[in-house]
Amino acid sequence: MSRQFSDEFYRTLPKDFLWGVASAAYQIEGAVNEDGRGQSIWDVFSHTKGKTFGGDTGDLACDHYHRYPEDFRMMKQLGLKNYRLSIAWPRLLPEGHGTVNQKGLDFYDRLIEELLENGIDPSVTLYHWDLPNALQEKGGWANRDTAYRFEDYAGLIYRHFGDRVKRFITHNEPWCTAVLGHFIGEHAPGLHDEKLTALAAHHVLVSHGLAVQAYRDLNLDGEVGITLNLNPVYAASHHDKDNFAANIQDVFSNRWFLDPIFKGQYPAELEQVVGSLKELHQAEDLAIISRPIDFLGINFYSYSIVEYDDGSPLHVKNVTPKDRVTDMGWPVLGSSLTDLLMRLKNDYGSLPLYITENGAAYVDVLEDGKVHDPDRIDYLADHFEAMAEAIRRGVDLRGYYLWTFMDNFEWAYGYSKRFGIVYTDYATQQRIPKDSALWYADVISRAANKM
Ligand code: FCB
């Protein structure tokens, strides 16, 4: 079998290193009108003409809402013992707050029971982008009130599921919520407004801090953290101007969220990127945002090389080589993950880390019941080597959740991009493990036996 690891690789991993897969509710569940679920901003966005590839929506997706028992059976067969899922806020609170939808709680109760019966440990993300549309109508994340609604929603989840779920992630990729949702407009709610972007980012961070405190207040015996999408940035040369550009890009991509969470302050350069921040703050906000967390989740896909450019607003030009890219066009360089992990340790302290997403889209072809995806295996193997190298150098990395279990609704790209290690045949809803799934199963079983 392709891409084997040495014995030393397996010995390097901590004994209880978690191997898993990740998903998000709107990308797989479907059943958007069932059992009292309210509308989310992604229902509205995907049904708006021209917003997604081919007008694709998550109405059916992988029909996981009905097929989860069979999906978890397949996970078990592959030896997967850890699963990161997200809860759809509008299933529990159709209006975003107020009356709780019992059928929503029942669904996730059944789902979690089914996971546990299959020996799979759930990690739960509270917010993976499907804001109840009723809250968007009141301003969404640009409205500070949404942070308090999120605090209540988080409390509901902890109280109800906190006995069985031991790892909670408040937010998935706040950068995307803010920038893709409010500035670039590629994600719901599809806005193009710099001021609302900075406000949304700030309120997401405040809501995170409030939700961390809500977890502490309940004295539960699990852990709570946040997941950031991080992208290591390199300067194209040692010239001052290129270093300047790399610093600005790093502030925009990474430190905008890392610094307030870990240092209780925004980077000084952030105002050059998103305008004045002062008016967003209430005095105690940064203390709320920087409440200590138990771990940081990292979603890692790619890296950037940048140079100084007089002509662009931020003076940054992306010059990353495109000789090795995924089907998303994202450049691949495994060692940049080691660099990122070392940087986090050096600049932000030795907090426990999890890779909460990593993986790649490639063009997959189903032939004679098989999908050969050597590029995906190479991508994964390079990143596993990069993790091992960081662990050798002292990084406290505790687990890895591959994005993603099965091909699903890839947001604005609809069903045109396949990130799964399991192929989804959308016409029949059949699931077919790709070569990468069998390869990953082999890695997991060797790691368990420390070969
Ligand atoms: C991340 C998202 C995830 C998926 C992957 C490819 O940004 O968190 O839902 O779309 O990208």
Side-chain angles (χ1 to χ4, degrees), residues 20-30 40-42 45-46 51-53 56-58 61-62 64 83-89 123-131 141 169-188 201 204 208 225-232 252-254 256-257 296-304 325-332 337 340 354-364 373 375-376 379-380 383 400-422 424 434 436:
V21 285
S23 76
Y26 188 71
Q27 296 181 271
I28 60 171
E29 284 180 359
S40 86
I41 56 174
W42 267 95
F45 187 75
S46 66
K51 297 297 183 192
T52 64
F53 176 88
D56 286 348
T57 73
C62 304
H64 180 70
Y83 177 46
R84 171 181 176 233
L85 65 124
S86 81
I87 288 183
W89 187 345
S123 293
V124 166
T125 309
L126 307 188
Y127 186 74
H128 202 128
W129 305 349
D130 42 1
L131 186 75
W141 287 111
I169 294 164
T170 56
H171 278 270
N172 179 70
E173 304 188 348
W175 185 94
C176 294
T177 302
V179 177
L180 299 184
H182 296 76
F183 189 67
I184 298 175
E186 179 188 323
H187 281 186
V204 166
H208 155 75
I226 188 168
T227 279
L228 303 179
N229 52 311
L230 299 174
N231 183 289
F252 177 59
S253 302
N254 304 310
W256 184 355
F257 295 89
L296 174 66
I298 300 153
N299 288 358
F300 185 85
Y301 290 96
S302 191
Y303 75 109
S304 312
V325 295
T326 68
D327 190 34
M328 301 295 283
W330 297 346
V332 181
L337 173 58
L340 171 72
Y354 295 93
I355 305 292
T356 41
E357 286 182 25
N358 173 244
Y362 286 104
V363 178
D364 295 315
D373 56 345
D375 291 339
R376 183 173 291 106
Y379 177 100
L380 296 171
H383 289 79
Y400 175 91
Y401 296 82
L402 195 158
W403 185 271
T404 182
F405 179 61
M406 57 189 157
D407 299 330
N408 58 41
F409 177 77
E410 181 46 38
W411 308 111
Y413 294 87
Y415 298 99
S416 70
K417 301 292 175 197
R418 293 180 177 272
F419 273 89
I421 52 172
V422 171
T424 306
K434 304 177 191 176
S436 57

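Note that ligands are numbered from 1 as they come in the structure, with each ligand's atoms numbered from 1 the same way.
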Polar side chain donor-acceptor pair, Tyr379 to Trp330, under 3.5 angstrom: no

Residues forming a side-chain hydrogen bond (donor to acceptor under 3.5 Å, both in side chains) with His182, sequence neighbours excluded: none

Modelled atom types, side-chain donor and acceptor of Tyr401 and Ser123, under 3.5 Å: yes

Counterpart residues, side-chain hydrogen bond (donor to acceptor under 3.5 Å, both in side chains), relative to Glu357 (two or more places apart): Arg84, Asn299, Tyr301

Near ligand 1, at a heavy-atom separation below 4.0 Å: residues by chain and residue number: Gln27, His128, Trp129, Asn172, Glu173, Asn299, Tyr301, Glu357, Trp403, Glu410, Trp411, Phe419

Closest approach of Asn229 to Asn254 (non-hydrogen atoms, all atoms of both residues): O-OD1, 4.4 Å

Residue pairs involving residues 400-412 (criterion salt bridge (charged side-chain N to carboxylate O under 4.0 Å, His left out); sequence neighbours excluded): Asp407-Arg418, Asp407-Lys434

